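These figures come from a predicted structure and were not determined experimentally. In what follows, chains are A, B, ... by sequence order, proteins preceding strands, each numbered from 1.
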Amino acid sequence: MLQVPFIRENKALVIERLSKRNINAIAMIDDVIALDEKRRSIQTELDNTLAESNSISKEIGGLFKSGKVEEANVLKAKTGALKEASKTLTEQLNQAADSLQELLFQIPNIPHESVPNGNTEDDNEEVFRCGDIPKLHKDALPHWELAKKYDIIDFDLGNKITGAGFPVYKGKGAKLQRALITYFLDKNTEAGYTEYQLPLLVNEASGIGTGQLPDKEGQMYHVTEDNLYLIPTAEVPGTNIFRNTVLNEADLPIGITGYTPCFRREAGSYGAHVRGLNRLHQFDKVEIIRVEHPTKSYSALDGMVNHVKGILEALKLPYRILRLCGGDTSFASALTYDFEVFSTAQDRWLEVSSVSNFETFQANRLKLRFKNADGKNELAHTLNGSALALPRILAGILENYQTEDGIEIPEVLREYTGFHKI
RNA sequence: GGAGAAAUGGCAGAGUGGUCGAAUGCGGCAGUCUUGAAAACUGUUGAGGGUCACACCUCCGGGGGUUCGAAUCCCUCUUUCUCCGCCA
């Protein structure tokens, strides 16, 4: 959520930056400023009314103490109108504050100046590419065929137990999955991230804190009985660790990592591009999350990008990095880099990581602050990224490492899997 | 799931209707003293809104109510603790 004082003082900038998302925000921003002014003027009026009745109440208290009951009763009679006025004003204030809040919830983060204009993934900017795309033998298969051939992932079984998008991993497939998770967590903790095991269900306040709620309920599974949501990413419980928190400046930066299953409804997705592991309702992911000083968040973002690069290079997977355009950058993010691994058998790039700086957008919702050098509470910056998402990495490994007589296991994973080949 | 108790500032812990935003202790910060440190002493020390700055307003787990006036009384929700039941 953007900060109202910032909007007030940087109106032109906000409008211009939001246009990177193809949003014409002029009317919205004007409304924010008008509603905020309205809210403040009602607040002032209410404050004055309350101040008056407070002082009368004190006077009454004093009169009762000194036994002047008659005089007290005279004053009591005067409070009726004030009470009525403050009641009305409170209602008006709440109404104005609610409208303002509702409007602010609809405004996405303003993109970083480096974010390219654009609406679709075609406008994303490739900023880096690494690794050779392997030449596969003539009978090379896409991963869903390989999964069947080597009996390591059973999509039909998942279909039977739950439904589409809930695959069952088995044998060496399950072991490889577990190896990847452990490998990622080890790499992340080596890089200084503290490992956490987090809840997979979150409450409404947490969903609001990171920006999934309100309005984007559609992407999450909702347990209505208890009003809890299945997490779409560890970002939600992981970042909400710091909701309503005032940190010391010396506590920064904070880096945490966690493995969680992720659940996404992905309503409306269908077709060939969601085949196999390409898009699932339940998948595994290892996430890294950072809380940073505002002056250091962009160098931290670069650090996270380099960290993810390192993992992909260790796995020897061909990948590229995209700077997402305004239209493709998620609601809460100011700048996002996507990592894509080349799926050789499908002849397409698959997103395996998304690394973002949210600046103060989440912190403002979360009330995540630190005490700065002046002793003032200041909003921190939050960042997160996948390091890494499992299914498409698995797809990439299966496809890129396939040979005529089996699938090789990347060198760095062998100590985790205990086998060299599937 | 049943019965009972509790929720106050960074922490501990007073406060049961009227200058209580809240005693006191610890912790933090600043100062005095000291070559320096410790100890001791003095001062200071929550958050949000509002203002050029004051004033002023709100917040004692959340929400609602009673009252001229609520940390204090009532209702409700949540959480924690104790006992019982159940259980990886």
| query | What is the pairing partner of A7(B), taking Watson-Crick or G-U wobble pairs with both distances under 3.5 Å in any strand? | reply |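 Partner of A7(B): U78(B).
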| request: Can you tell me the pairing partner of C83(B) across any strand shown, Watson-Crick or G-U wobble, with both distances under 3.5 angstrom? | output: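 Pairing partner, where one exists within any strand: G2(B).
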| query | Which part of the nucleic acid, if any, lies within contact of Lys371(A), taking any heavy atom under 4.0 Å across all strands shown: a base, the sugar-phosphate backbone alone, or nothing? | reply |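 Sugar-phosphate only.
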| Is Leu50(A) touching bases, backbone alone, or none of the nucleic acid, heavy atoms closer than 4.0 Å? |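 Touches sugar-phosphate only.
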| request: List the atom of Tyr416(A), the atom of Asp186(A), and the distance in Å for their closest heavy-atom pair. | output: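 Taking Tyr416(A) first and Asp186(A) second, the nearest heavy atoms are OH-OD2, 2.7 Å.
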Euclidean distance, atom [atom1] of residue [X] to atom [atom2] of [N] [Å, nearest integer]:
X         : N      : atom1 : atom2 : answer
Ile42(A)  : C56(B) : CD1   : P     : 23 Å
Asn227(A) : C77(B) : CG    : P     : 16 Å
Ile56(A)  : U67(B) : CD1   : P     : 17 Å
Asn248(A) : G27(B) : CG    : P     : 17 Å
Ile60(A)  : C68(B) : CD1   : C1'   : 4 Å

| query | Cationic tip of Lys309(A) within the cone over Phe339(A)'s six-membered ring, i.e. under 6.0 Å and within 45° of the normal? | reply |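 That pair does not qualify as a cation-pi contact.
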| P atoms of U66(B) and C75(B), separation to the nearest Å |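 Looking at atom P only, U66(B) and C75(B) are 15 Å apart.
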| query | So, does the side chain of Asn54(A) form a donor-acceptor pair with the base of G69(B) at under 3.5 Å? | reply |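 Such a pair does not exist between side chain and base.
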| request: Would you check if there is a donor-acceptor pair between the side chains of Asn240(A) and Arg243(A) at a distance under 3.5 Å? | output: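 Looking only at side-chain atoms, Asn240(A) and Arg243(A) do form a donor-acceptor pair, the distance falling under 3.5 Å.
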| task | Classify the side-chain pair Arg264(A)/Tyr221(A) by whether it contains a donor and acceptor separated by less than 3.5 Å. | result |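 Short answer, no.
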| task | Without swapping roles, check the side chain of Asn384(A) against the backbone of Ile288(A) for a donor-acceptor pair under 3.5 Å. | result |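 No, the answer is negative, given that no donor and acceptor are paired below the 3.5 Å cut-off.
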Ignoring the backbone of [X], work out which of [options] is nearest its side chain.
X        : options                : result
Arg8(A)  : U58(B), G50(B), G18(B) : G50(B)
Gln43(A) : G50(B), G49(B), G69(B) : G49(B)
Lys83(A) : C57(B), G50(B), G69(B) : G69(B)

| task | Between Leu75(A) and Asn377(A), name the one whose nearest nucleotide on RNA chain B is closer to the 5' end. | result |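 Upstream on the strand: Asn377(A).
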